[in-house]
Each structure stands twice: as structure tokens, then as C-alpha cells.
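Bear in mind that the values here come from a model prediction, so they are computed numbers and not experimental data.
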Amino acid sequence: MELTANAKINLTLDILRKREDGYHELQMVMQAVTLADQLTVAPAKGPEGDAVADLRFLPTGNKNLAQVAAAVFRQATGLGGEVDVSIRKRVPVCAGLAGGSADAAAVLRAMNALTGAGLSLEELAEIGARAGSDVPFCVLGGTALAEGRGERLTPLPALPPCHIVICKPPFSISTPQLFGRVNVRKIVRRPDTQGVLAALKAGDLAGVARRMYNVFEDVVERRPAAEIAAIKAALIDRGALGASMSGSGPSVFGLFERSDAAQDAFSLLRESFRDVFVCRPAVPEV
């Protein structure tokens, strides 16, 4: 079975408080995009399933999140055998775009179809939370408000049609280290989450774009922060209605109303960066 695994961006990312369980209470507006990996899921050829990607440095077998998802599906439903997963990567890794979570979500959808389990996407999302915090959103896709650790999802009106330019600079940022640097009481700048929700309801792309923000941008170390700020500035200079970092970074995206402006920004950034993409909002699975 062949599937598409759509990446995500964070239109907003806010951290509300530190929870008693050690995690942080998050509030995020998340958007699926057409930048995607391609997966093939098939019954395993051997006694144990495998997961391989066309990037040699990625984990294989049960160390890959795709196989973790297959295992939690079997545990939750009692259905299905071992599967082999082949992944053609296009979503950059360690990029704040949920590439691994998207692959895991695709495997859950495949297992649901291959076993005839007939689970709803909401039921699959609940199972997916056992594999990772971003997996439930990647199962549902579309546009959603994510709360808790990211597993509590409320579908939202779709992001108006637009062009999205994504640029990942050539470094990674440690998510645990970023959380460790956050002092919730000292957060000064926050996204206007309620304003974004109202703009989505009104179909106001510019209203969404000018209210986007990611609180992690204020705790990124100085040198990466300068690179991220420079990419945001380049996107705005080329006509983006707004730009922000996605997730724990370092990927930066801009929302464009006009295709020619998006292509211009893409061409400019490609002069300095390898991982630059033009995509669009992805519609949810049905």
C-alpha cells in the first residue's frame, strides 16, 4: 500500500505552563502542508517487520517511529501482522516539520486499511498519541488547534488558499534543550492565538499571517537565532504576509498570497540553502 505522509507547520506555538508530570502545556495552531514523504507498507517478508528510508543515517527496524506506530496499532487493536515500511524522504529530518510523526501516522492509516479494522481517524489519532505527541495531528491533518502535549485536537476552518515557502537551515536544534531554556513566567512575546482563530473563521489569510508567532524563537541560542531571523526577513522582503519558525525549528516558513512572490523567495533562498520548498496547505484525509 502506498501512502503520502504530509509535513506540518505551526502557525502558532505557545507554552502556557509547566505541568506536574514534567511536560509543558502547549497551545498551537497546526497546519498540514503538501510537502510530504512517500511510504510503501507491505506484509513483512521476515518474522519481524523492518523500516528503511532512502537516507542511510535514519534509524531502521523498531527504532524507526514508523515501526513504533505499527506496534502500537497491533497492541491497541489485536489486529495485523508485522509489516515492512519503505520511506522516500522529502521532508527534512530534525526540522520542526513532524516528518517522523507524519510517517508514523501514514503507517497507522495503512494498518487500518490492511487489517479492515475500520477505525475512524479520531480513533487512529488516539492510538497515535502512544507513538508521539505530533502523531495525532498528522493522522487528522488539515488545520487544528492542538493543546496539552499536542494530543488534544480541535479541527479549525481551513487556512485560506496560499503558497508556503519553507526553508531549513543546515543545523538542528535540540527540542529537550529548548524546553529546558523556557521559563514560562518570563515569556514576553506570545502569538495572538485567539486572533488567529478568528482570522481562520473569517477566511482572512493576512490576519492569520500577521498574528503568527512561536515562543521558542526567543530561547534559541544566538547564532541559530540570527540565521532564523535572516530567513524570516528574506521571506518578508520577498512578499510573505508573515513568517515564523515551525515547531522546535530550525525550519522557517512564510505565507504568500501570490505564486510569483513565493517563487521569487524560493529562488533567493536556494542560492544559500539546500532545503527550500514551495508547497500549499494540505486538505485533511477523509
Applying side-chain contact (heavy atoms from CB on, under 4.5 Å), run through Met111 and Leu79 and close with a yes or a no.
-> CA-CA 9 Å; Met111 296 287 286; Leu79 300 174; over 6 Å; no

Could you please spell out the steps behind the side-chain contact (heavy atoms from CB on, under 4.5 Å) verdict for Leu200 and Val196?
-> CA-CA 6 Å; Leu200 286 169; Val196 168; 4.1 Å; yes

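- In the hydrophobic clustering of ILVMFWY residues, with side-chain heavy atoms under 4.5 Å counting as a link, Val91 and Leu108 come out apart.
- Remark: side-chain polar atoms of Lys201 are not paired, donor with acceptor, to backbone N or O of Asp204 under 3.5 angstrom.
- Under 3.5 Å, the side chains of Tyr213 and Arg189 contain a donor-acceptor pair of N or O atoms.
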Run the side-chain contact (heavy atoms from CB on, under 4.5 Å) check on Leu153 and Phe137 step by step: do they pass?
-> CA-CA 7 Å; Leu153 298 169; Phe137 172 77; 4.1 Å; yes

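- Between Cys167 atom SG and Leu235 atom CG the span is 7.0 Å, to the nearest 0.5 Å.
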Could you walk me through whether Lys89 and Asp54 pass the salt bridge (charged side-chain N to carboxylate O under 4.0 Å, His left out) test, one step at a time?
-> CA-CA 6 Å; Lys89 291 294 295 181; Asp54 55 2; over 6 Å; no

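- Among Asn214, Thr175, Asn10, the single residue meeting the side-chain hydrogen bond (donor to acceptor under 3.5 Å, both in side chains) criterion with Ser248 is Thr175.
- At distances below 3.5 Å, at least one donor-acceptor pair connects side-chain atoms of Lys8 with backbone N or O atoms of Gly96.
- Transitive grouping of hydrophobic side chains (ILVMFWY, heavy atoms separated by less than 4.5 Å) brings Phe273 and Phe171 into a common cluster.
- A donor and an acceptor atom, one from each side chain of His163 and Arg280, are located under 3.5 Å apart.
- Here the closest non-hydrogen pair linking Gly99 and Asp37 is O-OD2, 3.9 Å.
- The environment of CZ in Arg223 is sparse: at most 12 heavy-atom neighbours from other residues, nucleotides or ligands sit within 6.0 Å.
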Report the C-alpha separation of Leu178 and Ile173 in whole Å, then their side-chain angles, then the decisive distance to 0.1 Å, and conclude whether the side-chain contact (heavy atoms from CB on, under 4.5 Å) test is met.
-> CA-CA 8 Å; Leu178 273 190; Ile173 296 176; 3.6 Å; yes

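- Inter-residue side-chain proximity for Val29 and Leu197 is flagged as met; some heavy-atom pair is nearer than 4.5 Å.
- Under a 3.5 Å cut-off, the side chain of Ser174 and the backbone N or O of Gln177 do form a donor-acceptor pair.
- Minimum interatomic distance between Leu26 and Arg149 (heavy atoms only, all atoms of both residues): CD1-O, 3.9 Å.
- Atom CD of Glu126 has 12 or fewer neighbouring heavy atoms from other residues, nucleotides or ligands inside a 6.0 Å radius.
- Looking at heavy atoms from C-beta onward, Val215 lies out of side-chain contact with Val182 at the 4.5 angstrom threshold.
- In this structure, Thr40 and Met1 have side chains that are not in contact, with every pair of non-hydrogen atoms separated by 4.5 Å or more.
- One N or O on the side chain of Glu217 and one on the backbone of Met245 form a donor-acceptor pair closer than 3.5 Å.
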Residues Thr12, Gln27; criterion side chain to side chain donor-acceptor pair (under 3.5 Å); working and verdict | CA-CA 8 Å; Thr12 69; Gln27 187 178 62; over 6 Å; no

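- For Pro161 against Leu205, the heavy-atom pair with the smallest separation is O-CD2, 4.0 Å.
- Follow the hydrophobic side-chain contacts under 4.5 Å out from Ile9 and you never reach Ile15; the two are in separate clusters.
- Closest approach of Phe179 and His24 over heavy atoms only: CD2-ND1, 3.3 Å.
- With a 4.5 Å cut-off on side-chain heavy atoms, Val33 and Phe277 do not count as touching.
- Residue Cys162 comes nearest to Pro281 through the heavy atom pair O-CD, 3.4 Å, listed as atom of the first residue, atom of the second, then distance.
- Closest heavy-atom contact between Leu145 and Leu156: N-CD1, 3.4 Å.
- Residues Glu151 and Ser133 have side chains that never bring a donor and an acceptor to within less than 3.5 angstrom of each other.
- In this structure, Asp192 contributes its side chain and Arg211 its backbone to no donor-acceptor pair below 3.5 Å.
- In the model, Glu147 has no side-chain atom that pairs as donor or acceptor with a side-chain atom of Thr154 under 3.5 Å.
- Contact of the Val184 side chain with the Leu16 side chain is not registered, since no non-hydrogen atoms from C-beta on lie closer than 4.5 Å.
- Phe253 and Leu13 are assigned to two separate hydrophobic clusters, defined by single-linkage of ILVMFWY side chains at heavy-atom distances under 4.5 Å.
- Checking side-chain atoms of Arg74 against main-chain N and O of Gly81 turns up a donor-acceptor pair under 3.5 Å.
- Leu58 and Leu65 fall into different hydrophobic clusters, where Ile, Leu, Val, Met, Phe, Trp and Tyr residues are linked whenever their side-chain heavy atoms come under 4.5 Å apart, directly or through other members.
- Thr4 is listed as a side-chain neighbour of Gln38, based on a closest heavy-atom distance under 4.5 Å.
- No donor-acceptor pair under 3.5 Å is formed between the side chain of Asp275 and the backbone N or O of Lys168.
- Taking the side chain as every heavy atom from C-beta outward, Gln67 and Val85 approach each other to under 4.5 Å.
- Panel note: side chain Arg181, backbone Val219; a donor-acceptor pair is recorded below 3.5 Å.
- Remark: Glu48 CD is loosely packed, at most 12 non-hydrogen atoms of other residues, nucleotides or ligands lying under 6.0 Å away.
- A donor-acceptor pair under 3.5 Å is formed between the side chain of Glu123 and the backbone N or O of Ser120.
- For Glu82 and Lys45, the salt-bridge test fails: no basic side-chain N is under 4.0 Å from an acidic carboxylate O.
- A donor-acceptor contact shorter than 3.5 Å is absent between the side chain of Arg274 and the backbone of Pro169.
- Counting heavy atoms from C-beta on, the side chains of Leu269 and Ile231 come closer than 4.5 Å.
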